[in-house]
Amino acid sequence: MNARSVSASLWIMLCGLAGRALCAVTIVTAKIQVDSDTTGYEGYRAMDGNAETMWHTDFNFYETAPPHEILVDLGGIYEVAGFRYLPRRGGGNGTIGQYEFYVGDNPKDLGKPVFAGKFAHGNAENVVRFAAKQKGRYLRLRALTEVAGQPWTSIAEFQPLVDGVTFRAGTSAVERLPVAGHLPLNETEIQFAAIKYDLRNKAHFDGIAAETLRPEALIQKTDRDPVDVALRRTAALLADLKRMQPAPNLSAEEAELGRLQAEGRKVDAANTAARLALFKEVCRVRRKIAFKNPLLDFDKIVFVKRHRGVYGHMCDQYYGITSAPGGGLYVLDKAFSAEPQVRDLLADSVVQRGRLKGQKLGGGSLVPPPLSYDGVGNLSGPDQEGGSFLSPDLSYDAKTILFAYVECKGDKTHRHHTDPNQGHWHEGRCFHIFRANVDGTGLEQLTDGTWNDFDPCFLPNGRVAMISERRGGYLRCGRVCPNYTLYDMAADGTDITALSVHETNEWHPSVTNDGRILYTRWDYVDRFGCTAHHPWITSLDGRDSRAVQGNFAPRNARPDMELDCRAIPGSRKLVATAAPHHGQAFGSLVLVDPEVPDNDAMSAVKRVTPDVGFPESQGGREAYGTAWPLNEDYYLCVYDAAIACGVPGRPGDYGIYLVDSWGNKELIYRDPQIGCQSPIPLKPRPMPPASPILAKPFREAPGTGVAADEPGQGTLTVINAYNSLKPW
């Protein structure tokens with residue numbers, strides 16, 4: 001066996017008939033790089049040994065014309081006598097016409113092709129043999145044309161001809177080539193590709209037009225390509241900013257936009273290269289316009305970096321046990337400048353109080369370990385240094401930050417029981433609440449134990465709301481998923497009190513403009529399990545909890561969940577993420593007006609980002625999330641174009657964006673190795689009024705089952721249950 005072979009190798013003994021010599025074939029795992037692929041047609045399928053599968057370049061998101069290429073790392077130097085190319089079964093889309101073949105030792109410079117030509121067979125195997133064997137470690141097959149002139153390349157099987165060796169590619173051995181013109185290499189190209197994707201889905205936009213906040217965010221009949229879309233959306237943005245008081249000076253940008261609009265009418269829409277160049281110019285001007293928005297009266301943004309949970313479910317996503325280590329708490333300085341600066345807020349901070357006193361809170365590796373969670377409380381996978389951060393909140397005076405952190409340490413077993421006096425996890429596998437000053441000083445641990453505590457929220461009465469598992473109990477679907485509901489505590493972490501003893505999960509408390517707690521409740525009572533995860537409201541002390549709107553909406557007509565609900569400044573409306581039941585807290589952004597009657601499912605709801613449908617209930621994707629409203633039309637949020645358009649790859653490459661309701665998106669910051677979440681402007685904001693505490697918390701003396709305080713009294717009101725919008 002050749003000692004230079006990489007990763008796994010397998011001897012296959014081919015026994016000849018009597019009198020024939022015994023020969024051996026070594027199977028060697030090769031590494032594959034391709035310039036483009038798509039889900040189900042990844043690059044490794046070109047060398048997986050299965051003629052029924054194939055590599056196919058992208059035909060959904062970033063479709064480009066040839067040349068396309070596949071680069072093979074053999075793992076060592078071999079003598080290559082030629083190669084075999086098998087087109088897809090029966091030929092068809094992507095079949096290679098003219099080609100070039102390279103062999104060498106430097107993948108960045110393989111020199112001139114050792115062979116070039118045109119394949120003779122469009123629907124059968126092509127075998128190419130060189131005049132002399134070529135030595136090298138790297139091979140490149142470059143497809144120059146497609147037999148029918150189409151913009152794709154496909155390969156059912158590719159095999160170098162090396163005596164005694166067969167090469168195979170494993171699923172983990174695939175990378176994408178950074179080849180200009182093939183993959184989206186910058187934000188402008190990503191947006192160009194995303195709008196091209198939208199243009200192929202006009203029927204989707206037509207079907208939801210009446211539910212969309214601004215018609216400019218739709219794809220319209222007059223749109224020929226991304227340039228047309230970007231020009232009219234930028235014009236809508238410019239017009240809105242000019243109406244603001246005080247209006248920014250946009251005369252120079254308006255003149256530039258006018259010039260580009262004239263050029264857009266002249267340049268042929270079929271000239272893709274020229275239109276892409278024009279699109280880049282439009283985006284350059286749009287960015288200048290967007291960043292002159294008077295609402296951007298801050299230049300710092302607080303946010304966290306984190307990997308998505310390892311299990312896609314609305315409940316399990318917030319168990320510390322499903323969190324992969326990595327990330328941290330950050331501040332983005334000079335956020336809207338040409339060179340924003342990222343600062344690790346806790347880089348030099350040591351915990352001053354709590355179980356972790358004297359320790360640093362580390363995020364660990366940017367690459368998540370291969371963890372597996374089975375959905376019934378069991379985590380498996382290698383241990384890795386570092387913890388995970390979640391759900392920051394900024395005090396009204398912009399001096400203090402609350403956040404949740406899990407160490408990602410300790411045993412990984414779930415403690416299954418129904419005793420509310422103990423939690424379900426090792427304390428190192430639970431999220432706990434921490435507090436720090438905005439300069440990183442004063443780091444303190446506020447909660448601890450074997451319960452998950454997360455989603456801290458500053459309240460105008462000086463207390464802190466949060467979501468906690470401390471109530472006890474499990475969800476109603478039968479899996480061993482602990483419930484978590486709304487709690488509050490004193491600012492120092494003492495006096496932890498249940499504001500809600502609801503039987504199923506609750507999420508994401510925030511504060512309304514009139515000083516009440518806004519949150520999401522799973523109202524799992526006498527209805528289908530995937531519906532009714534909608535906004536609820538309660539007083540600061542947990543009284544008068546009630547649905548805000550949409551609690552009886554039929555499925556498919558409205559999102560399964562509306563999460564991360566947040567009141568819009570100066571408005572009665574709120575923004576939320578339309579998220580899936582069997583997924584995580586990402587999806588499409590919607591605007592909810594609580595004062596509009598529940599006449600039908602979407603009567604009070606408008607789509608802010610119609611490019612993404614509602615996940616699960618309408619087949620949309622988990623593309624947007626954690627929106628922070630600046631007003632009814634402008635939001636900081638996170639967004640991943642690859643998820644929006646169904647591109648394969650590691651999910652959750654969320655960047656921080658300024659999004660508007662006309663369909664424009666401006667990237668503010670992205671870390672290519674780990675997702676960003678929960679952007680918050682680092683500036684003071686008005687504190688809502690604090691309603692008086694009227695309900696006296698009921699506490700039991702430990703072990704007695706009787707109240708430690710004097711019994712309070714209250715009034716229970718029962719409404720006429722038959723007075724309903726639905727027939728009984």
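None of the values given here were measured: they were computed from a predicted structure.
- Salt-bridge annotation for Arg463 and Asp541: absent, with no side-chain N of the basic residue lying under 4.0 Å from a carboxylate O of the acidic one.
- Remark: Arg287 is not positioned above the aromatic ring of Phe336, lacking an NZ or CZ atom under 6.0 angstrom from the ring centre and at most 45 degrees off the axis.
- In this structure, Phe303 has its ring center under 6.0 Å from that of Tyr669.
- Taking the centre and axis of the six-membered ring of Trp536, the NZ or CZ atom of Arg521 falls inside the cone set by 45° and 6.0 Å.
- Using modelled atom types, one finds no donor on one side chain facing an acceptor on the other under 3.5 Å when comparing His508 with Ser510.
- In this model, no donor atom of one side chain and acceptor atom of the other lie less than 3.5 Å apart for Thr485 and Asn483.
- In this structure, CG in Leu518 is found 6.0 Å from CD1 in Ile537, a value given to the nearest 0.5 Å.
- To the nearest 0.5 angstrom, Leu402 atom CG is 11.0 Å from Met466 atom CE.
- Looking at Tyr634 and Asp240, their side chains do bring a donor and an acceptor atom within 3.5 Å of each other.
- The neighbour count for Lys202 NZ, taken as heavy atoms of other residues, nucleotides or ligands under 6.0 Å away, is above 12.
- A side-chain donor-acceptor contact under 3.5 Å links Ser500 and Glu506.
- Side-chain contact check for Tyr657 and Glu187: at least one donor-acceptor pair (N or O, by modelled atom type) lies under 3.5 Å.
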Salt bridge (charged side-chain N to carboxylate O under 4.0 Å, His left out) between Arg308 and Asp640, worked out: CA-CA 12 Å; Arg308 283 170 52 113; Asp640 187 336; over 6 Å; no
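- Expressed to the nearest 0.5 Å, how far CG of Asp544 lies from CZ of Arg516 amounts to 7.5 Å.
- To the nearest 0.5 angstrom, Ser539 atom OG is 10.5 Å from Arg546 atom CZ.
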Asp206/Lys221 under salt bridge (charged side-chain N to carboxylate O under 4.0 Å, His left out): CA gap, chis, key distance, verdict: CA-CA 9 Å; Asp206 292 343; Lys221 293 181 179 180; over 6 Å; no
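- Defined by atom type and a distance below 3.5 Å, a donor-acceptor pair is missing between the side-chain atoms of Ser678 and Thr626.
- No option in Phe458, Phe454, Phe434 other than Phe434 meets the ring pair (Phe, Tyr, Trp, His ring centres under 6.0 Å) test with Phe403.
- By the 4.0 Å N-to-carboxylate-O rule, Glu632 lies close enough to Lys573 to be salt-bridged with it.
- Between the side chains of Thr512 and Asp514, at least one donor N or O sits under 3.5 Å from an acceptor N or O.
- Counted within 6.0 Å of NZ on Lys683, heavy atoms from surrounding residues, nucleotides or ligands total more than 12; the atom is thus considered enclosed.
- For the pair Arg685 and Tyr396, the cation-pi test (distance below 6.0 Å, angle within 45°) is passed.
- Remark: Lys288 NZ is packed, more than 12 non-hydrogen atoms of other residues, nucleotides or ligands lying under 6.0 Å away.
- Remark: Lys305 is positioned above the aromatic ring of Tyr330, its terminal NZ or CZ atom under 6.0 angstrom from the ring centre and at most 45 degrees off the axis.
- Using a 4.5 Å cut-off on side-chain heavy atoms (C-beta onward), Ile433 and Tyr405 make no contact.
- A donor-acceptor pair shorter than 3.5 Å cannot be found between the side chains of Asn201 and His204.
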Residues Asp223, Arg232; criterion salt bridge (charged side-chain N to carboxylate O under 4.0 Å, His left out); working and verdict: CA-CA 9 Å; Asp223 293 329; Arg232 61 176 180 76; 2.7 Å; yes
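- Under the 3.5 Å distance criterion, the side-chain polar atoms of His533 are left unmatched by any main-chain donor or acceptor of Pro580.
- The side chain to side chain contact (heavy atoms under 4.5 Å, CB included) test with Glu253 is passed by exactly one of Ile289, Thr234, Leu241: Ile289.
- Taking both residues in full, the closest heavy atoms of Leu589 and Cys637 are given as CD1-SG, 4.1 Å, listed atom of the first, atom of the second, then distance.
- Atom-to-atom distance recorded for Trp507:CH2 and Ser391:OG is 14.5 Å, nearest 0.5 angstrom.
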